[in-house]
Amino acid sequence: MRIGMGYDVHRLVEGRKLVLGGVTIPFDKGLLGHSDADVLVHAVCDALLGAAGLGDIGLHFPDTDPEYKDVSSIKILAKTYELISGKGFTIMNLDSTIFAYAPKLSPYRDAMQKNIARAIEIEPDRVNVKATTFEGLGMIGKGEGIGAMCVALID
């Protein structure tokens, strides 16, 4: 068994869609990034790559590569799954937390878990997604950005 941890954070800006866990969430701002800037999926990718000893998302999917410009992070996750399964690893479970002042994310939790599970070919009950605020502290607590963290267990 191996454990990996991933973390990502992006600034909220106008003129972008807000995508978390592969779900487009109605909101007046979206996350700034080269891809769709899905911080939850990026944290999942980093956790899986870290557990497998395969570096990080920037190594495999650099923000300088035009192939990944505005791409769905779920596609990056599927490619991450190919990398780790190609090394003989099996994903046991994921536990993640999204850090956001707004919007409220609980209505989208099940869809996020299903999207992530589908991309990595596991059952949705092995993907846990939680959300919390920073109680008004820092850039996330002030609504300037959204972050996510994930712990992955692989075998």
Side-chain angles (χ1 to χ4, degrees), residues 1-12 16-25 27 30-100 103-134 138-140 145-155:
M1 300 266 188
R2 297 175 71 154
I3 297 171
M5 196 277 297
Y7 178 80
D8 195 28
V9 63
H10 285 271
R11 179 176 299 281
L12 282 164
R16 296 266 302 187
K17 291 180 183 178
L18 178 59
V19 180
L20 295 169
V23 177
T24 301
I25 298 169
F27 196 57
L31 295 168
L32 181 62
H34 185 67
S35 66
D36 63 5
D38 186 331
V39 293
L40 174 58
V41 173
H42 293 181
V44 169
C45 289
D46 268 347
L48 291 169
L49 291 166
L54 295 174
D56 63 21
I57 193 172
L59 176 67
H60 297 278
F61 312 101
D63 63 5
T64 55
D65 188 335
E67 178 182 351
Y68 304 112
K69 178 71 176 148
D70 296 323
V71 73
S72 166
S73 294
I74 291 291
K75 290 181 180 179
I76 292 172
L77 179 57
K79 289 183 179 190
T80 298
Y81 173 67
E82 289 175 14
L83 287 170
I84 67 165
S85 62
K87 295 286 186 182
F89 292 110
T90 301
I91 300 168
M92 304 308 293
N93 76 298
L94 303 172
D95 185 29
S96 59
T97 304
I98 302 169
F99 306 103
K104 295 295 181 194
L105 300 173
S106 59
Y108 310 101
R109 181 180 168 270
D110 289 343
M112 291 179 200
Q113 289 176 177
K114 287 177 184 172
N115 286 344
I116 292 167
R118 187 178 315 112
I120 58 175
E121 300 180 16
I122 64 173
E123 294 301 315
D125 67 351
R126 291 169 46 194
V127 177
N128 192 46
V129 175
K130 306 177 295 291
T132 189
T133 69
F134 271 21
M139 72 171 274
I140 292 172
I146 294 177
M149 186 172 119
C150 179
V151 177
L153 179 64
I154 65 173
D155 192 22

Shortest non-hydrogen separation from [X] to [Y] and the atoms involved:
{"X": "Arg126", "Y": "Met92", "value": "NE-O, 2.8 Å"}
{"X": "Arg16", "Y": "Asp70", "value": "NH1-OD1, 3.4 Å"}
{"X": "Ala47", "Y": "Cys150", "value": "CB-O, 3.5 Å"}
{"X": "Thr133", "Y": "Ala100", "value": "CG2-O, 3.4 Å"}
{"X": "Leu49", "Y": "Gly55", "value": "CB-O, 3.5 Å"}
{"X": "Val39", "Y": "Gly147", "value": "CG2-C, 4.0 Å"}

Does [X] use its side chain to pair, donor to acceptor, with the backbone of [Y] at less than 3.5 Å?
{"X": "Arg2", "Y": "Ile154", "value": "no"}
{"X": "Lys130", "Y": "Ile98", "value": "no"}
{"X": "Asp8", "Y": "Ala43", "value": "no"}
{"X": "Asp38", "Y": "Gly21", "value": "yes"}

### Message
Which label fits Phe99 and Tyr7: parallel for a plane angle under 30°, tilted from 30 to 60°, or perpendicular past 60°?
### Response
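Plane angle between 30° and 60°, so tilted.
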
Measuring from atom [atom1] of [X] to atom [atom2] of [Y], what distance do you get when rounded to the nearest 0.5 angstrom?
{"X": "Ile140", "Y": "Arg11", "atom1": "CD1", "atom2": "CZ", "result": "11.0 Å"}
{"X": "His42", "Y": "Ser35", "atom1": "NE2", "atom2": "OG", "result": "3.5 Å"}
{"X": "Ile120", "Y": "Asn115", "atom1": "CD1", "atom2": "CG", "result": "11.5 Å"}
{"X": "Leu59", "Y": "Asp46", "atom1": "CG", "atom2": "CG", "result": "10.0 Å"}
{"X": "Glu123", "Y": "Gln113", "atom1": "CD", "atom2": "CD", "result": "12.5 Å"}
{"X": "Leu54", "Y": "Phe89", "atom1": "CG", "atom2": "CZ", "result": "7.0 Å"}

### Task
Check Leu48, Ile91, Ile122, Val44 against Tyr81 for a side chain to side chain contact (heavy atoms under 4.5 Å, CB included) and give me the one that passes.
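Answer after filtering Leu48, Ile91, Ile122, Val44: Ile91.
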
#### Entry: Passing candidate, side chain to side chain contact (heavy atoms under 4.5 Å, CB included) with Asp95, options Leu153, Val129, Asn128
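In the set Leu153, Val129, Asn128, the residue that makes a side chain to side chain contact (heavy atoms under 4.5 Å, CB included) with Asp95 is Asn128.
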
### Message
For Lys87, is the NZ atom crowded, meaning more than 12 foreign heavy atoms sit under 6.0 Å from it?
### Response
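No, not enclosed.
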
### Message
Can you tell me if Lys69 has over 12 outside heavy atoms packed within less than 6.0 Å of its NZ?
### Response
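Correct, the count exceeds 12.
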
### Task
Take Leu105 and Ile25 through the side chain to side chain contact (heavy atoms under 4.5 Å, CB included) test and state the conclusion after the steps.
CA-CA 8 Å; Leu105 300 173; Ile25 298 169; 3.7 Å; yes

### Message
side chain to side chain contact (heavy atoms under 4.5 Å, CB included) for Leu31 and Leu12? Distances and angles first, verdict last.
### Response
CA-CA 5 Å; Leu31 295 168; Leu12 282 164; 3.6 Å; yes

Hydrogens and angles aside, do [X] and [Y] bring a side-chain donor and acceptor to less than 3.5 Å of each other?
{"X": "Asp63", "Y": "His34", "answer": "no"}
{"X": "Asp36", "Y": "Ser73", "answer": "yes"}
{"X": "Thr80", "Y": "His60", "answer": "no"}

